[in-house]
Amino acid sequence: MNKFNPNFYMDATDDAEMIQKAVDEAAKTGEKVIVPRHNERTGKDIWIIPRAIKVYTGTTICLDNCHLRQADDSLDNIFKNSYARTEEGKLLENRQYDIHIYGVGNALIDGGNHNGLIERNANRDGRPRVIVNCPMHFINCERIRIEGLRFIHCRYWGICFHFCSSGRVSNIYFMNFSNCPNQDGIDLRTGCNNFVIENISGFTQDDTVALTNGEPTYDVVGMDNSIHNVIIRNITTGTRCAQVRLLNHFGRKVYNITIENLMTYVEYDPSDEVASKNPLRIPCSENYFMDSKTTSAQPENEYWRKFSDDTRPSTSVRIGENYYYNLSKPETKAQLGDTYNVIVRNVQSRARFPIFIGRTLADSVIENVQAFGDSAVAVFIDGGEYDNLKFNNVGYSRKFAEHFEEYRASQVHTERDFDLHTIMHFSDDAFARNIKISGITTSSASPAVFEGNADVEVEAHDIYLRDKSTPLVKGNIKVNLI
């Protein structure tokens, strides 16, 4: 046994110290740390982590078929870079490089029993920020790779980055079954760029991948605060929220984003006859907790329980947001030109809204969107200002299912009234120019191709009506057929 195996440190007081000592030793020579399945100090096949393991420039950690679990009452991550959330971490000169954490076999990252810390009670009564509940948090890092891991029971977001670049997150499986709010999968926050996020599966109660750039929480002096140059691909998840979400306000930009190859998780097409004979099922995972009854966030478990039994996404791709800015300062909400150069392609979705766009978007392309099952509206464009958008090959599959209770809930959620199965709905307070659409396929139940009374001009061609009597427009949308 060598010094880069945590089992070398049998005199450590806990599992985190064992792994930390191996990481510290490896940092001296650039060796790789291998965390094995069996913990020889405890005699168990699990590692209980009461505080974060700090990683450095050049750290490589292989999680070899092992199980790492946050200690029940811990208020810290499992992994973070050594300068994360420190004064040193705010300086570009302390940027950390070449961090690689990867799994072999069934490498498991486990949030365990929830500690009760959530956004609503964070930073109060001596509690820390809720970011400590993320299994992994990195700030001011470059060339960072997280690969081949399975996350279960996350206490908050799974993997979070601030001001990180040249990163790759790949081959990640999530099973976050709604025991607490805000169980995002992967979050790129302010200042992240040049990332590839790919091959993500499982279930995330909140957004699977979120690029969120709003009011400052962490900053690195002298660094660009935009989120840009990000490729997101091969996402096959169930979620209560969005599979991929872009959100920015406060003058911060999101641009040069490619999102491709998204499928919503289903065992059965909801429009198939066999679906009614089989209950909707969240994919199975280890639903265990060790010697504790605090499985859910307290005291919010009763509030949140109603969200726990559905894998249906609200939307597959959500771009923009008419909330989360300073309501007393309207100038802090995103403006036209803050979100641009977004490409979305190859989306097969039974979400309420396969594509949901809000607040603003410019110079972007959305193509090859297939709504199936019980989707409500293929493309929902909320209030805001939009320019130079192209939509190609958008429509419904041949069969569909109508769940009216779900649709009514969708209307309450959006605070909008809309009809089911329209291809594109524009909210009344949308303003859009240079909107070009080609290759539309309606469902046989579509009340119209376009709906809304907004100040919108659309140029469209190549429209296939499954029911020839379907009108082109319901409302006052201006559509020019070419």
Side-chain angles (χ1 to χ4, degrees), residues 315-320 322 336 344 347 349 351-402 404 406-408 410-482:
T315 180
S316 282
V317 179
R318 184 176 189 123
I319 302 173
N322 277 306
L336 185 66
V344 178
V347 177
S349 174
R352 297 181 185 93
F353 314 107
I355 307 294
F356 191 105
I357 304 172
R359 187 58 235 135
T360 189
L361 181 64
D363 305 331
S364 297
V365 177
I366 296 173
E367 60 186 3
N368 301 339
V369 178
Q370 297 176 325
F372 71 93
D374 48 359
S375 285
V377 175
V379 178
F380 192 104
I381 299 182
D382 205 6
E385 188 172 3
Y386 311 95
D387 181 59
N388 191 28
L389 306 184
K390 295 180 175 63
F391 298 86
N392 304 317
N393 301 326
V394 178
Y396 281 91
S397 63
R398 187 168 299 276
K399 298 176 67 177
F400 65 91
E402 292 185 342
F404 286 102
E406 182 70 28
Y407 294 145
R408 297 289 84 78
S410 300
Q411 291 177 325
V412 171
H413 174 73
T414 59
E415 300 179 348
R416 308 290 186 180
D417 186 30
F418 58 87
D419 286 320
L420 310 182
H421 296 296
T422 51
I423 297 298
M424 189 171 293
H425 172 90
F426 290 90
S427 294
D428 291 353
D429 49 352
F431 176 82
R433 291 292 182 268
N434 304 311
I435 310 300
K436 297 183 179 180
I437 302 168
S438 66
I440 287 176
T441 303
T442 63
S443 83
S444 58
S446 293
V449 179
F450 303 100
E451 179 186 39
N453 296 303
D455 186 0
V456 172
E457 295 180 1
V458 171
E459 183 179 286
H461 67 93
D462 190 15
I463 298 174
Y464 171 53
L465 305 177
R466 293 193 190 275
D467 183 339
K468 300 302 182 184
S469 65
T470 301
L472 183 64
V473 178
K474 181 178 180 182
N476 297 320
I477 302 297
K478 297 176 183 179
V479 178
N480 300 316
L481 293 179
I482 61 172

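- Interatomic distance, CG of L361 versus CD of E385, reported as 11.5 Å (0.5 Å rounding).
- When each of N322, D387, L336 is tested with T360 by the rule side-chain contact (heavy atoms from CB on, under 4.5 Å), just one qualifies, namely L336.
- Between the side chain of S375 and the backbone N or O of S349, at least one donor-acceptor pair lies under 3.5 Å.
- The shortest distance between side-chain heavy atoms of N434 and K390 does not fall below 4.5 Å.
- The CG atom of L389 sits 11.5 Å away from atom NZ of K436, with the distance rounded to the nearest 0.5 Å.
- Closest non-hydrogen pair, V377 versus I423, comes out as CG1-O, 4.2 Å.
- Here the closest non-hydrogen pair linking A351 and P354 is O-CD, 3.7 Å.
- Note: Q370 CD to S316 OG = 12.0 Å, rounded to the nearest 0.5 Å.
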Scan the side chains in residues 473-482 for donor-acceptor partners under 3.5 Å anywhere in the protein, sequence neighbours excluded, and list what turns up.
{"from": "K474", "atom 1": "NZ", "to": "D419", "atom 2": "OD2", "distance (Å)": "2.2"}
{"from": "N476", "atom 1": "ND2", "to": "N453", "atom 2": "OD1", "distance (Å)": "3.2"}

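- Every residue two or more places apart in sequence or in another chain was checked for a ring pair (Phe, Tyr, Trp, His ring centres under 6.0 Å) with F391, and none qualifies.
- Of all heavy-atom pairs between F353 and A376, the closest is CE2-CB, 4.4 Å.
- Summarising the geometry, atom CG belonging to L465 is positioned 11.5 Å from atom OG belonging to S444; distances are rounded to the nearest 0.5 Å.
- Between the side chain of S364 and the backbone N or O of A362, at least one donor-acceptor pair lies under 3.5 Å.
- Here the side chain of Y386 pairs a donor or acceptor atom with the backbone of R359 at under 3.5 angstrom.
- Shortest non-hydrogen contact noted between A460 and F450 is CB-CZ, 4.2 Å.
- Taking each heavy atom of S427 and A454 in turn, the nearest pair found is O-CB, 3.1 Å.
- Taken to the nearest 0.5 Å, the CD1 atom of I357 stands 5.0 Å off from the CD1 atom of I319.
- Expressed to the nearest 0.5 Å, how far CD1 of I381 lies from CD1 of I355 amounts to 10.0 Å.
- Taking both residues in full, the closest heavy atoms of S446 and H421 are given as OG-O, 2.6 Å, listed atom of the first, atom of the second, then distance.
- Contact of the I437 side chain with the V394 side chain is not registered, since no non-hydrogen atoms from C-beta on lie closer than 4.5 Å.
- You'll find the side chain of T442 stays beyond 4.5 Å of the side chain of D467, heavy atoms only.
- Between S438 and D462, the side chains place no donor N or O within less than 3.5 Å of an acceptor N or O (distance only, hydrogens not considered).
- Proximity of V379 to I366: side-chain heavy atoms (C-beta onward) are nowhere separated by under 4.5 Å.
- For the pair P447/T422, a side-chain contact is recorded, criterion being any heavy-atom separation below 4.5 Å from C-beta on.
- A parallel orientation is assigned to the rings of F356 and F380, their planes being inclined by less than 30° (bins at 30° and 60°).
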